[in-house]
Amino acid sequence: MNSEQRSAPAGGPALSRRGFLGAGLGMGTALILAACGSSATAGSFDMSGTPSPGGRLRVGLTGGGATDTLDAHLSVNTTDIARVVNLYDTLLELDHEYGLQPGLATKAEVTPDGRVWTVHLRDDVVFHDGRPMTGRDVKATFLRITDPDDPKNGAVDLQPLREIEVVGEHLVRFHLDTPVSYFDRLLAAYTSGIVPVDYDPQRPVGTGPFRYKSFTASQQSTFARNEHYWHDDQPYLDELTILNFNDDDALINALLSNQVDAIGQIPPALVEVLESDPRIDILNSETGSWTPFTMRVDQAPFDDNRVREAFRLAVDREQMVRQVYSGHGRVGNDMYAPFDSAYSKNLPQRTQDLDKARRLLAEAGHPDGITVELVTSNIQAGAVEAAQVFAQQAKGAGITVDIRRVEPTTFFGDDYLKWTFAQDFYYTRDFLPQAMTCSLPKSAFNETHMDNPELTRLVKQATATVDEGPRTELIRRAQKILYDEGGYIIWGFANQIDAYQRYVGGLVPDRTGLALSGFRFRQVWMREAQ
């Protein structure tokens, strides 16, 4: 078992912490789709320029290695995700503003009780090998993901799935054991890419905009334009190459020396350096990604909510965003899911209040201050820096922070979810799937060990409520409990920062937290010859 492999609670399938992160990118509040066109839109974002066909895009990314894969349902690192997004399509899609759009399905309808979802498939989709996609392929895909003997990355979120009924060539019904109001968002997760009945990851076939051409783990992968693609005139490119780099310095040097056309996830501190080069453009996207401090509410000293509140009040959030993200982010308010339509904007914004923090610590039995150990690791850009900044800020409240830095494999090893005071990170998600993931007693990643019966009741009731109005009210009541009593310090949300040569067109801001417009390279074109 990999050192980052964790077991899901209640006998659920095992899953990788890193593999899970991206699986959540397709989840959120429910939306019943009508047949509203065949392509995802950029909403208010500007997709300036006129696309022109042809050309080759070379993309540089870090994070790959010997375990790189082309498997539609086992992606772990950044390069894996970039590959599967372009090889495989999903039934529904997230647009750049994190809204749900049709994909391989034209619409998804739910029964009033939230237990049956009927999905209408497009009738003009073929796989890379020319075979038509049907409901049988959809059923085979989800049976593969949820195989109890070999569960894939999306299996945990699909646990309520009881039966997949193929009604016709282009009509499928998903029957659930329990209502899930956001099940349509699960169908948009990139871990739910549709594959044929006889799928073989060694010879990958999907419906995506690019088809497999060559692949060498930890080095590079090359894909050719899918001439059968269903999505209007896309893709525009003839070829896509994804190259692995070992570190940020090598990645940035490759862009500056024109060895690659675009790179993803650059350190915020290097934005000004790249902006000074007239050949380079920066893509700076607001996201819902967060790297919280996690306080175990069942262990001293954090079993006293006054201590938790004191720690939340010790943080200067604006300074944290400036120093950790070089200003490329937004202040948080100890609540996740800022892009959820139900996100409460009525909760007072917490600001640093050192005097009140000291008073709360004294009331909790720590009149002379308190000393705690903070476990940190390079689990995400800025995590270690955030720990160091917090340690400095907290001194003013009488809090002494002893930083213990460990390797990521140790952090996500046997003691993960046992640390008393630590950190974690998540990409953009909506409230209900995020709460189900980390804030309930049986959540797969309940780092804070939250166990509030009223919170659990509200989340489960909201999950089963299809009507948006009542569901929003339930969510906001749940948010208030987490805001008042939770174990997270959510001080900010990081921007996703990428860079590319100015001759690359079609890259636009994207809220999902994935690099380079969510890796939607079907929308990219070359403005001029390289």
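FYI, the numbering just counts along the sequence from 1.
In this structure, L158 and L186 have side chains that are in contact, with non-hydrogen atoms separated by less than 4.5 Å. In this structure, S192 and F142 have side chains that are in contact, with non-hydrogen atoms separated by less than 4.5 Å. Under the 4.5 Å side-chain criterion, counting only non-hydrogen atoms from C-beta, V76 is not in contact with T67. Taking 4.5 Å as the limit, every side-chain heavy atom of E318 sits out of range of all side-chain heavy atoms of V321. The shortest side-chain heavy-atom distance between H73 and N153 does not fall under the 4.5 Å cut-off. The shortest side-chain heavy-atom distance between F174 and L91 falls under the 4.5 Å cut-off. Between Y199 and T141 the shortest side-chain heavy-atom distance does not fall below 4.5 Å. Residues P204 and F215 have side chains not in contact (no heavy-atom distance under 4.5 Å, counting atoms from C-beta outward).
Residues passing the ring pair (Phe, Tyr, Trp, His ring centres under 6.0 Å) test with Y488, sequence neighbours excluded: W290. In this structure, the ring pair (Phe, Tyr, Trp, His ring centres under 6.0 Å) partners of F302, at least two apart in sequence or on a different chain, are F311, F421.
Ion pairing of K480 with D484 is present here, as a side-chain N (NZ or NE/NH1/NH2) and a carboxylate O approach within less than 4.0 Å. For the pair R350 and E309, the salt-bridge criterion is met [side-chain N within less than 4.0 Å of a carboxylate O]. Of the charged side-chain nitrogens involved, none lies within less than 4.0 Å of a carboxylate oxygen, so that R296 and E447 do not count as a salt-bridged pair. Salt bridge status for D334 with R317: present, with a side-chain N to carboxylate O gap under 4.0 Å. For the pair D68 and R83, the salt-bridge criterion is met [side-chain N within less than 4.0 Å of a carboxylate O].
In this model, a donor atom of one side chain and an acceptor atom of the other lie less than 3.5 Å apart for T420 and Q299. For the 3.5 Å distance criterion, the side chains of D95 and Q101 qualify, holding a donor opposite an acceptor. D498 and Q496 are linked by a side-chain donor-acceptor pair at a separation below 3.5 angstrom, with hydrogens and angles left out of the test. At a cut-off of 3.5 Å, with distance as the only test, a side-chain donor of Y336 or S439 sits close to an acceptor on the other residue. There is a side-chain donor-acceptor pair under 3.5 Å between Y416 and D424. Donor-acceptor pairing under 3.5 Å is recorded for the side chains of Q393 and Q319.
To the nearest 0.5 angstrom, N346 atom CG is 10.0 Å from Q479 atom CD. Atom CG in D368 sits 11.5 Å away from atom CD1 in I370 (nearest 0.5 Å).
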Begin from the C-alpha positions of R312 and V315 and carry the test side-chain contact (heavy atoms from CB on, under 4.5 Å) through to its verdict. CA-CA 6 Å; R312 289 189 285 260; V315 183; 5.9 Å; no
Could you give me the CA-CA distance, side-chain angles and deciding distance for D71 and R144, then say whether salt bridge (Lys or Arg N to Asp or Glu O under 4.0 Å) is met? CA-CA 11 Å; D71 194 305; R144 182 177 192 265; 2.8 Å; yes
I would like to know whether R429 and T437 meet side-chain hydrogen bond (donor to acceptor under 3.5 Å, both in side chains); could you show each step before the answer? CA-CA 10 Å; R429 294 165 71 84; T437 296; 2.8 Å; yes
Pair F293-F390, ring-ring contact (aromatic ring centres under 6.0 Å, His included): steps then yes or no: CA-CA 10 Å; F293 295 103; F390 177 80; 4.9 Å; yes
Test side-chain hydrogen bond (donor to acceptor under 3.5 Å, both in side chains) applied to H96 and D510, step by step: CA-CA 4 Å; H96 296 299; D510 183 273; 2.7 Å; yes
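Side chain of S517 to backbone of F519: no donor-acceptor contact under 3.5 angstrom is found. Judged purely by atom type and a 3.5 angstrom limit, T463 has no side-chain atom pairing as donor or acceptor with the backbone of V180. Q423 places a side-chain N or O within donor-acceptor distance of the main-chain N or O of A383, the cut-off being under 3.5 Å.
Legend: side-chain hydrogen bond (donor to acceptor under 3.5 Å, both in side chains) pairs involving residues 396-408, not counting sequence neighbours: none detected.
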